[in-house]
Amino acid sequence: MYISKFGLKCIVFFLFFSFLGRIFFPFGDEPDFSVRAPQLIFGEYNFLVPYNYLQGILQELNYNTYCVPVAGVNSLWAVIPENYCIESFEQILLRFIIIIVVSFPLLVIIVFRSNKQNRFFLIRKNIEIEVRDKRLDSIALSLIFTGTIYYIGLLSVEQFIICLGFFVFLFKNNIFALIVILLLSISLDLGNSSIIVFFIGLEWFFKKIYKQNNLRKLLFIILLLLSVALILGSTSLLYIQNLPFLQDKANAMYEIELDRNFREKYPILLRPFITCITAFFMTPSGVKVLVVQLLYFIGFSIVLLKVKKVLIKDSFPSFLASLTTILFFVFLFPNYANVKYYIFLIPTILLFVSEVFDKNKLANFFIGMNLILFFHLLLYRL
């Protein structure tokens with residue numbers, strides 16, 4: 001066993017920024033907070049779910065918020081009222097403890113690495129240990145990504161779903177572990193889990209085609225899938241309603257789609273842009289930092305310009321499957337434009353990006369983005 005210095009560095013900054021998030025993120029300015037927070041606090045969980053052991057802490061939490069930041073999707077600045085938009089110091093500590101407990105297995109496996117882990121990853125050849133370490137490093141990077149810092153701190157079961165999604169990325173070669181993780185995820189949140197299952201199937205399919213050295217066929221399939229999503233849109237919910245286990249979820253989503261104001265808020269061609277912005281950091285009220293958004297867009301553009309250099313890498317079809325999954329659901333359902341449904345794909349994307357950029361440079365870039373983010377959140381409160 002050895003301690004990964006890179007993993008340790010990322011975990012230290014993850015914990016540091018997560019604690020700052022509890023102080024500076026506007027209290028309650030989270031997706032579906034009024035619904036998700038009570039569900040988390042008063043829910044019942046089995047022994048595999050960390051919240052089962054946090055009932056005492058959860059019952060102490062206050063989820064009544066009157067925080068109304070002065071911001072918007074088109075705003076260049078934001079004002080966060082100090083009176084209602086900060087939690088008590090006790091609640092800050094309690095929510096920080098929840099983050100640590102929920103993410104603890106990930107933190108341990110990222111820092112403490114040994115050959116015994118190979119049994120769980122089903123890696124037998126020495127050359128594949130490098131693959132394992134790259135996956136662990138990708139998750140370490142994902143944890144200090146600004147979007148992850150925000151979404152893994154949600155007062156919602158979705159924070160645990162994100163962690164389970166990261167474990168899916170790790171245990172792709174272990175079918176038994178994969179099934180257990182997926183069943184646990186489905187039992188907690190069917191909507192988020194369905195996207196994870198879709199991605200797993202799509203990634204497997206893309207890899208099979210890619211091995212045939214038929215990139216044109218793969219791109220054609222991507223265009224076909226996205227075209228179907230654009231044409232069908234939310235009318236697909238009418239067919240999904242016929243599935244008993246998805247009926248309630250489909251009905252609720254269809255009612256939202258009938259809301260004209262909601263459709264105008266999320267026009268179909270702007271949804272991918274909204275997904276990007278929320279990935280970098282934007283709260284439901286529209287609090288964001290334009291400098292962070294701009295720097296991320298520049299960085300992602302540079303990655304796309306260098307794609308040709310890494311087309312032969314094994315991570316490329318997984319990268320395409322990630323982007324296709326996001327665009328497919330974003331075009332299909334307007335209320336799936338928020339990136340919280342796709343944060344679990346960040347390690348897959350970063351595994352590909354790390355083929356272009358050194359992992360240490362990426363880590364320093366994400367650390368810089370977080371510092372800029374929290375500096376602006378401080379200014380918004382002055």
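These figures come from a predicted structure and were not determined experimentally.
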Is the ring pair F280/F145 parallel, tilted or perpendicular, if the boundaries are 30 and 60 degrees? perpendicular

Reported CG-to-CG distance for the pair L350 and L345, which is rounded to 0.5 angstrom: 11.0 Å

Any idea how F319 and F300 line up, ring-wise: parallel (<30°), tilted (30 to 60°), or perpendicular (>60°)? tilted

Residue list, ring-ring contact (aromatic ring centres under 6.0 Å, His included) with F160, at least two apart or on another chain: none

Given 3.5 Å as the limit, does a donor-acceptor pair link the side chain of R381 with the main chain of E82, or not? no

Disulfide (SG to SG under 2.5 Å) with C67: which residues, sequence neighbours excluded? C85

Can a salt bridge be assigned to the pair E30 and R36 using a cut-off of 4.0 Å between side-chain N and carboxylate O? no

Between the CG atom in L327 and the OG1 atom in T275, the distance rounded to the nearest 0.5 Å is 8.0 Å

Between the main-chain N or O of V330 and the side-chain N or O of R271, is there a donor-acceptor pair closer than 3.5 Å? yes

Return each pair, listed once, that meets salt bridge (Lys or Arg N to Asp or Glu O under 4.0 Å) where at least one residue sits in residues 322-351; pairs must be two or more places apart or across chains. D32-K340, E158-K340

For W204, ring-ring contact (aromatic ring centres under 6.0 Å, His included) partners two or more places apart: none

Residues pairing under salt bridge (Lys or Arg N to Asp or Glu O under 4.0 Å) where one sits in residues 136-157, two or more places apart or in two chains, turn out to be R113-D137, D137-K359

For the residue pair Y336 and Y341, does the interplanar ring angle fall in the parallel (under 30°), tilted (30 to 60°) or perpendicular (over 60°) class? parallel

Distance in Å, L61 CG paired with E90 CD, rounded so as to fall on 0.5 Å steps: 9.0 Å

Between the side chain of S103 and the main-chain N/O of L106, is any donor-acceptor distance below 3.5 Å? no

Should the pair F33 and F27 be assigned to parallel (<30°), tilted (30 to 60°) or perpendicular (>60°) ring geometry? perpendicular

Quiz question: by atom type and distance under 3.5 Å, do the side chains of Y151 and N338 form a donor-acceptor pair? yes

Let me see the working for Y296 and F365 under ring-ring contact (aromatic ring centres under 6.0 Å, His included), right down to the final yes or no. CA-CA 9 Å; Y296 270 124; F365 177 73; 5.6 Å; yes

With a sphere of 6.0 Å drawn around OH of Y53, does it hold more than 12 non-hydrogen atoms of other residues, nucleotides or ligands? yes

Any chance CD of E44 has more than 12 other-residue heavy atoms, nucleotides or ligands included, within less than 6.0 Å? no

According to ring-ring contact (aromatic ring centres under 6.0 Å, His included), who are the partners of F167, at least two apart in sequence or on a separate chain? F171

Is any side-chain heavy atom of F166 less than 4.5 Å from a side-chain heavy atom of L143? yes

Heavy atoms from other residues, nucleotides or ligands near OH of Y84 exceed 12 (cutoff 6.0 Å): no

Give me the ring orientation class for F329 and F198: parallel if the planes are under 30° apart, tilted from 30 to 60°, perpendicular past 60°. perpendicular

OG of S4 to CZ of F112: how many Å apart, nearest 0.5 Å? 10.5 Å

